[in-house]
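Have a look at the structure below, then the notes.
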Amino acid sequence: MLTVQFLARYREELGCESEQLAWQNEWHNIDHVRQFLIARGGVWSVLSDPRIMCARNQDVCSLQEPLQAGDELAFFPMVTGG
Amino acid sequence: MLTVQFLARYREELGCESEQLAWQNEWHNIDHVRQFLIARGGVWSVLSDPRIMCARNQDVCSLQEPLQAGDELAFFPMVTGG
Amino acid sequence: MSIRVQSAPFDPGAELNAVHAGDLGVGAVVSFVGYVRDINQDASIEQLFLEHYPGVTEKALTKIRAEAMQRWPLIDAHILHRVGPLSLAEPIVFVATSSMHREAAFAACEFIMDYLKTRAPFWKKEQTSSGSHWVEGRDSDQQAAARWNTPEKDTV
Amino acid sequence: MSIRVQSAPFDPGAELNAVHAGDLGVGAVVSFVGYVRDINQDASIEQLFLEHYPGVTEKALTKIRAEAMQRWPLIDAHILHRVGPLSLAEPIVFVATSSMHREAAFAACEFIMDYLKTRAPFWKKEQTSSGSHWVEGRDSDQQAAARWNTPEKDTV
């Protein structure tokens, strides 16, 4: 299983705060999960954002970060604090 | 006539706060006055300091600044404020 | 203080004075304060909302602070950031660095702001008379952060 | 405030808060505070004395401020410097810049400090247990100021 959260604009555009995905063995890094979600079509194209950012287990990381079953992922737009 | 002030360490080492010099026509810039003072020998070698700074008529300037009779000059060591 | 993320307002002057904290070795303190402006990209702002990613934000800021402490000879570094609704003219963020000499404090304070702007999970939503919208990330912030990249570091 | 040279102590926090001054266009304020340290070049300091060149100091600071305002899109810039006797841990200098975005405020604040350190007529005399001595100018300050030289400017 994999927990995926969506934050800020993504959460609003998807109308989804978080979901649980059944684990797939071909997911070797975060980008594979992102491609899986985009492949759903429709609103999920929001994740095609070239400036998308992500976190794994509460740490901001790159889309190439490896992952494993049980991880907690988050996708969010380019940050704008400060 | 020319008024010359000495500040900070120079004032202390020369034991002189300011003096009035009789104007000399060969003084075309501030460095000429400095050379005249150094030529007195003894303690005046303090003005040979390669990091010497100066001001003319209340403006910090370079030793190459032109001058004229009646000016108010000041010589002082490299500044150390802030 | 070091790292604080809070919804309560704060007083930048009190924070600044607390940085020296009676440490007789501190010669230089550099601070940055970011405020809510009334105009952004030609839109007239009525209020600002700051969303963040609880827990992850604090970890990201702690990491940025640690990297600054490692890169420069700092005595201390502090990051304070508001979240939730903010009114015009309110301070959003306070960053301060202390060191013996000013060079380290200046560089580290700017570094922390550049990294915070591109790596800490905060998002601004502006409320204008015609509705609210998410603020777009600025490419200039990405470029500012890229200045600090060193060949041996390939963090995102 | 803009330019002030004074023997009276000041409160950096109050000065910082005064910079924003209710101006809704201010998005960024960068400040520098210099403090009296207890140790300098291995000597234990008991007190610091700041000499200046009355009148000329204010003119030099006004010129430095004007050059910063011309080089960067600042909303305002302030310089406050103590003179006379100072105790350990007391603030010596406060410089602050305000702007819409942080880049200008950071660069201008550092520029003002670099120029103040090399062009404004202040001299520090340190009092230690073994007597008092004038502080030597640092070559690193000259180098820091030289960074801001542009080909068309040949000021000393």
Side-chain angles (χ1 to χ4, degrees), chain C residues 10-41 44-45 48 75 87-103 105-107 109-114 116-117 138 140-141 143-144 147, chain D residues 10-41 44-45 48 75 87-103 105-107 109-114 116-117 138 140-141 143-144 147:
Chain C
F10 66 88
D11 173 358
E15 299 298 337
L16 176 65
N17 286 344
V19 173
H20 183 281
D23 184 334
L24 297 178
V26 171
V29 171
V30 171
S31 80
F32 174 85
V33 188
Y35 292 90
V36 182
R37 292 194 297 129
D38 58 346
I39 307 268
N40 193 24
Q41 292 165 339
S44 186
I45 312 302
L48 191 66
I75 292 170
S87 303
L88 294 188
E90 281 199 293
I92 306 167
V93 58
F94 174 84
V95 170
T97 48
S98 58
S99 56
M100 283 174 62
H101 301 293
R102 74 187 185 288
E103 296 83 357
F106 267 115
C109 190
E110 195 163 13
F111 167 87
I112 290 172
M113 278 308 302
D114 286 347
L116 185 156
K117 283 261 181 188
R138 291 199 303 159
S140 61
D141 285 329
Q143 288 152 14
R147 286 181 299 168
Chain D
F10 66 87
D11 174 358
E15 300 297 338
L16 175 64
N17 285 343
V19 173
H20 183 282
D23 183 334
L24 297 178
V26 171
V29 171
V30 172
S31 80
F32 174 86
V33 188
Y35 292 91
V36 182
R37 292 194 298 131
D38 58 345
I39 306 270
N40 193 21
Q41 291 165 340
S44 185
I45 312 302
L48 192 66
I75 292 170
S87 304
L88 295 188
E90 281 198 293
I92 306 168
V93 59
F94 174 85
V95 170
T97 49
S98 59
S99 55
M100 282 175 61
H101 300 293
R102 74 187 185 288
E103 296 83 356
F106 268 114
C109 189
E110 196 162 14
F111 166 88
I112 290 172
M113 277 308 302
D114 286 346
L116 184 156
K117 282 261 180 189
R138 292 198 304 160
S140 62
D141 285 330
Q143 288 151 15
R147 286 182 298 169

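When reading the values below, keep in mind they use all heavy atoms of this one structure, side chains included, and skip hydrogens, waters and symmetry mates. Convention: sequence-line order gives letters A, B, ...; per-chain numbering from 1.
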Query raised in the report: So, are Arg147(C) and Glu103(D) salt-bridged, with charged N and O less than 4.0 Å apart?
Result: no

Query raised in the report: Highest number of heavy-atom pairs under 4.5 Å with chain D: which of Ala144(C), Pro91(C), Ala89(C)?
Result: Ala89(C)

Query raised in the report: Using a cut-off of under 4.5 Å for heavy-atom pairs, which of Asp38(D), Asp11(D), Ile92(D) has the most such pairs with chain C?
Result: Asp38(D)

**Report entry** Among Ala14(D), Gly22(D), Cys109(D), residue most engaged with chain C (heavy-atom pairs, under 4.5 Å)
**Finding:** Cys109(D)

Query raised in the report: Taking atom CG of Leu24(D) and atom CD1 of Ile45(C), what is their separation to the nearest 0.5 Å?
Result: 11.5 Å

Query raised in the report: Which atoms of Asp23(C) come close to chain D, meaning under 4.5 Å heavy atom to heavy atom: side chain ones, backbone ones, both, or neither?
Result: neither

Report task. Over 60° means perpendicular and under 30° means parallel, so classify the ring planes of Phe106(C) and Phe32(D), tilted if in between. Result -> parallel

Query raised in the report: Between Pro12(C), Ala105(C), Gly34(C), which residue shows the highest count of heavy-atom pairs closer than 4.5 Å to chain D?
Result: Pro12(C)

Query raised in the report: Do you know which two heavy atoms are closest between Val26(D) and Tyr35(C), and how far apart they sit?
Result: O-CB, 3.5 Å

Query raised in the report: Any side-chain heavy atom of His101(C) sitting closer than 4.5 Å to one from Arg37(D)?
Result: yes

Report summary line: Max heavy-atom pairs within cutoff under 4.5 Å with chain D, candidates Val95(C), Leu88(C), Val33(C), goes to Val33(C)

